[in-house]
Amino acid sequence: MTPAPSPEVLQAPLVVEFPFTRSLGPVQSAFLTGLRTRTVLGVRTTDGRVLVPPVEYDPVTADELADLVEVAPTGTVTTWAWNPSPRRGQPLSAPFAWVLVRLDGADTALLHALDAPGPDAVRTGMRVRVRWAAEREGAITDIACFEPYDGAEGGEAVPHSGEFTDPVSGIVAPARLDYSYAPGRAQSRYLKALAGRTTYGERCPSCRKVYVPPRGACPTCGVATAEQVEVGPRGTVTTFCIVNIKARNLDIEVPYVYAHIALDGADLALHARIGGIPYDEVRMGLRVEPVWSEDGRYPDHYRPTGEPDADYDTYKELL
Amino acid sequence: MREVAIVAFGQSDHRRDTPEISEVEMLMPVLHQVLDAVGLRAGEIDFTCSGSCDYLAGRAFSFTMALDGVGAWPPISESHVEMDGAWALYEAWTRLLTGEAETALVYSYGKSSPGDLREVLTRQLDPYYVAPLWPDSVSLAALQAQALLDAEDTGDTVADERALAGVAVRCRTAAEDNPHAQLAGSPPPEALLDEPYLVRPLRRHDCPPVGDGAAAVVLAAGDTARRLCRRPAWIRGMDHRMEAHGLGVRDLTRSPSSRLAAERAGAFETPVDLAELHAPFTSQELILRRELRLGEDVRVNPSGGALAANPMMAAGLIRLGEAAAAIHRGAADRALAHATSGPCLQQNLVAVLEGDAS
Ligand SMILES: [Zn+2]
């Protein structure tokens, strides 16, 4: 038995980036379109309160709401927090205060940023007004931020039709999160060995099955797999499919074959592309071997070895 | 109503960074610990429920990887919540109450270290009006803390920065007795108040540590619970409530959802002697103490609470586990456990646990 050595930890940057496309209901559409024209809308509840930002359902009564009103772009800070080191994506790049602002005419508060010289210039109850973004597109960021304001108070909320020309019906909310991905002990061992063109599985101490790629646990027994076992390099196609859809950013001609391959000595099939043979000649039982990627760190695909096909009985448990 | 109890609890050591292990490698020893405690194998558990979050891992369906640690063959009855494990425990509890299961395994885990937690948590906010501004979790808690400090100015409550520091000192001093805690021990309040603000009015000591960790409990019903555990921690009641997602709609100095959940869980019927509160920020403990009507005679967070270790998705389940463990060892007779989720105490769960008279 080869006890698995403790590997250096592998770690790599992982960026998850996605543009979420979201549709708006009538109330949110009116609010965000209003911002584009420097108009702040709220919605009046059945018991007379004015919610800004507006929502489609009353958070207290659950009544459906559609009675739009316009409120002032001026308001009062209801609470604040001084943010000395702004982060990516936040409204201002210089230190600023997060604020909840109750706009004149509204009964609830809106979250945004307040541009102020320092924390001593901010207090609960201070008067502020909207600073509009130069370019507005129908998003909450059309409000660039709030700024201190010592002018007159705005009046009561006034009815508004909510109708605009060319209303926005959706937003695209881009998101990006940065991670430092670490695959853990078992997968680090596997990946490091693979870079040396060796494929290691790990054996379950309980059921004796050899898992490849190993994840550190036997999914059947729920115990750690600790014993390393070299498997392959050759294996047997247990099942396959023919792919006719070209994947974006993937330079592989369709159709091609993607297969489950039981490496010799492994008790679980891994999956990989089959090359070096016309797609319509791939079959269950085909014997294959890895063709390494240009930098030799992982098998790019598997190709036929030329051996006779494996007997069905030798791989039927691994389908 | 069928009697259901927490009969075993286990947790990992909570650490800032664990790049050498995957989620399942972190979780597996904890699962073995609770199963060993009750002498059951995974296959003998009737129902399994877990809590975790894909945004922490940066991978879709990340909980399926952790399932490898459970031993899901032959097929098991399993469920998952994309929340703190306290809510997974709630699901398992209802499953046992209906008589569909006699035992349940509940686990949860979170590795915050791969990402920037303050940014990751912005993705749970309202995507139309709030998330595009990327307000981080500490900033939102700071808005709540300032609201509480301002309320003090009007004489509503006793909350000032010194009181906040006092919470931090008490929790982190208590954590000296908790071998799993990530932070233990604290300078005195005066020294803490000399530190700079992280996001004013919060200083570093007002905020939870960011870290990785896992927890698991075993639930059992009636006589099975008595057979598996010398002194089961009976769940006398449990309820969870939530508030409007709009922060500007709520009075951030109050937590009516905690109050209501506690009432429905029966917390106010008889006094409790111990409370484990999931209050990641010092100001939140003050709010919760008031809503949950916890007097000075109640031991609050003898484990150190979330200020000593706050592994995302597990910290709430740990509050239930710590409260139950205190009953198991006879250190408490009637305990309240609280879990929260979302910004500024948006969602709250309260359970009341009791041991049989010794
Ligand atoms: Zn096994």
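What you see below is based on every heavy atom in this structure, not just the backbone, and it leaves out hydrogens, waters and symmetry mates. So you know, we letter chains A, B, ... as the sequences are listed, proteins then strands, and number each from 1.
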Worksheet entry | Contacting region of A/Pro95 [heavy-atom separation from chain B under 4.5 Å] | neither
Discussion item. I'd like to know if A/Arg87 and B/Asp116 make a salt bridge, using a cut-off of under 4.0 Å between side-chain N and carboxylate O.
Written reply: yes
Worksheet item: So which of A/Gly89, A/Ala113, A/Pro219, A/Ala109 has the biggest tally of heavy-atom pairs under 4.5 Å with chain B?
Response: A/Pro219
Discussion item. With a 4.5 angstrom heavy-atom cut-off, is it the side chain or the backbone of A/Pro13 that approaches chain B, or both, or neither?
Written reply: neither
Worksheet entry | Residue B/Ala131 versus chain A: region with a heavy atom under 4.5 Å | neither
Worksheet, complete the sentence: Whatever's closer than 4.5 Å to a heavy atom in chain B on A/Pro53 counts as both
Worksheet item: Heavy-atom distance under 4.5 Å to chain A: side chain of B/Val24, backbone, both or neither?
Response: side chain
Practice prompt. Could you tell me whether A/Arg88 and B/Asp136 make a salt bridge, using a distance below 4.0 angstrom between a side-chain N and a carboxylate O?
Written response: no
Item to complete: Under 4.5 Å heavy-atom distance to chain A, tell me which part of B/Met26 shows up: side chain, backbone, both or neither.
Response: neither
Item to complete: Measure A/Phe18 against the heavy atoms of chain B and call it side chain, backbone, both or neither at under 4.5 Å.
Response: side chain
Item to complete: Please flag which part of A/Val223 lies under 4.5 Å from any non-hydrogen atom of chain B: side chain, backbone, both or neither.
Response: both
Fill in: Proximal component of A/Leu51, with respect to chain B [non-hydrogen, under 4.5 Å]
neither
Worksheet, complete the sentence: Greatest number of non-hydrogen atom pairs under 4.5 angstrom with chain B, of A/Gln187, A/Arg49, A/Arg176, A/Arg102, falls to A/Arg176
Worksheet item: In terms of heavy-atom pairs under 4.5 Å with chain B, which of A/Pro59, A/Ala182, A/Ala81 leads?
Response: A/Ala81
Practice prompt. With a 4.5 Å cut-off on heavy-atom pairs, point out which of A/Thr79, A/Leu14, A/Thr108 contacts chain B the most.
Written response: A/Thr79
Worksheet item: Going by distance alone, is a donor N or O of one side chain under 3.5 Å from an acceptor N or O of the other, for B/Asp150 and A/Thr124?
Response: yes
Response to the item:
Scored by heavy-atom pairs under 4.5 Å with chain B, the best of A/Phe31, A/Phe20, A/Tyr179 is A/Tyr179
